[in-house]
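Letters A, B, ... mirror the listed sequences (proteins, then strands); counts begin at 1.
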Protein chains: 2
Amino acid sequence: MKIMVVDDDPDMLAVTGFALQQAGYLVVRANSYGSALGTFREERPDGAVLDINLPGGSGFDLCAALRRESDLPILMLTVRGDEADLVRALELGADDYLTKPFSPRTLLARIKALLRRARAEDSRPSAAGELELVLETLTLRIAGREVKLTPLEARLLHLLIASAGQPVATDRILVHVWGHRGGGDRQLLKQLVHRFRQKIGDDPENPRWLETVPNVGYRVRA
Amino acid sequence: MKIMVVDDDPDMLAVTGFALQQAGYLVVRANSYGSALGTFREERPDGAVLDINLPGGSGFDLCAALRRESDLPILMLTVRGDEADLVRALELGADDYLTKPFSPRTLLARIKALLRRARAEDSRPSAAGELELVLETLTLRIAGREVKLTPLEARLLHLLIASAGQPVATDRILVHVWGHRGGGDRQLLKQLVHRFRQKIGDDPENPRWLETVPNVGYRVRA
DNA sequence: CAGCGCTTGTCACCGCCCTGTCACCGGCGA
DNA sequence: TCGCCGGTGACAGGGCGGTGACAAGCGCTG
């Protein structure tokens, strides 16, 4: 389990990071809004702990930005008594909050609870029509048989099945699968889709499962 | 519940021993590296409290030695502020630490927590299918026969059997077995698995007990 | 003290698959 | 006709998993 800790105060970073590492988590650190986004895209942590005061953009913005790209559990660190901040954080998609000052033990308990919840939801197979995705084993059950997926294919399907029936824009796919900020890397997506179709035996001209939506993106039939 | 307390200072020994006894624990005492090992083997305590400064070998060595023979909860007593010592203790397999000076009340709380955690892990089924793990003796009963495990193999199996039927990610295994933070140490896991498979006579291509889940990790058949 | 065996970490190598990249094709609208 | 988009094939680098070999550390024993 990998946790990203974002705080501009080096002491806080050290303390919380150390506590998490002791508990057996992998820890990646960032100290600003910008570096946090980059770190997130590179490291793909399983959870995030965000301070609110950050150079380059508030923790609120960061929370919203992360939410745009991922469903990872987010825990916000707020100052005591500021209820407005708290409400705002939860509205922006934070999963939990902690008021400073807090003990490392408390932090650990909260993080653990969040991850457990997230894992429980993760382990639910996501399904759409004849497709059933099992993320843990990178396996796709499709019309009876089982197909082994690569990590990239699994991420693609995860996104598409979550929006089954609706087209998903290529840019959104690029961000979700590669963390790229979109742009010229459509070739990657073309190949990924091509290889996946070949693997499951789907014909682009006459698709049973994965449709192309011209000038928009792709869609799985519901 | 039996606790071993190791300290060369008779006063400390008396104080901590008394506190633990008051709380209802059986206490066995040792005052040196050598006597501690002997006492441990005779008494098989359920937990240990180790001082770092010991005649005959440091508490670190003792911690490592105990770890080589058992998974019992270990609490180390460190001097305040020496973070290097602390890290080293945890890397050697200690479960928790306490900085001197501390109150007997604190000690009790920590010990209680450790034992509770250990019991919780113990009560996890240590058997899956044809595999039955006995942590105390580092033994694996497998399809009738008995196999002697190394400490590392035991930790690996402990984790895998606890999640029998489900794949366990390589990163999680690395953390659980070695406490490593880095991702670059897959080689260790490769070797560990290889040697274990050889020992029990399992074929990676056609596994009876331990399966590889590509790009994810490993899984024991339920 | 020397020697032995067990455990563990490290290096090197192999084969396979995943992935990124280049090149090309056909269809469609400007 | 040009340019863009989507689909397809081919190739190469690198990662991952499996395997063998070697050395260091440690405990045990003669």
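- Under a 3.5 Å cut-off, the side chain of Arg219(A) and the backbone N or O of Gln166(A) do not form any donor-acceptor pair.
- Position along DNA chain C of the nearest nucleotide to Asn215(B) versus Lys199(B) favours Lys199(B) as the more 5'-ward residue.
- Between Arg197(A) and dG7(D) there is a side-chain N or O to OP1 or OP2 distance below 4.0 Å.
- Mapping Pro151(B) and Lys190(B) onto DNA chain C by nearest heavy atom places Pro151(B) closer to the 5' end of the strand.
- Note on Leu192(B): nothing from the nucleic acid sits closer than 4.0 angstrom, heavy atoms only.
- At a threshold of 4.5 Å between non-hydrogen side-chain atoms, the residues Val213(B) and Leu138(A) do not count as touching.
- The shortest distance between the side-chain N/O atoms of Gln187(B) and the OP1/OP2 oxygens of dA12(C) is not below 4.0 Å.
- Here His194(B) does not reach the OP1 or OP2 of dG17(D): none of its side-chain N or O atoms lies under 4.0 Å away.
- Scanning atom types as modelled, one donor and one acceptor separated by under 3.5 angstrom connect the side chain of Gln191(B) and the base of dG20(D).
- OP1 or OP2 of dC17(C) has not a single side-chain nitrogen or oxygen of Thr150(A) nearer than 4.0 Å.
- Between Tyr218(A) and dG7(D) there is a side-chain polar atom (N or O) within less than 4.0 angstrom of OP1 or OP2.
- Residue Trp178(B) places at least one side-chain N or O closer than 4.0 Å to OP1 or OP2 of dG9(C).
- No hydrogens or angles were tested; on distance alone, a donor-acceptor pair under 3.5 Å links the side chain of Arg195(A) to the base of dG20(C).
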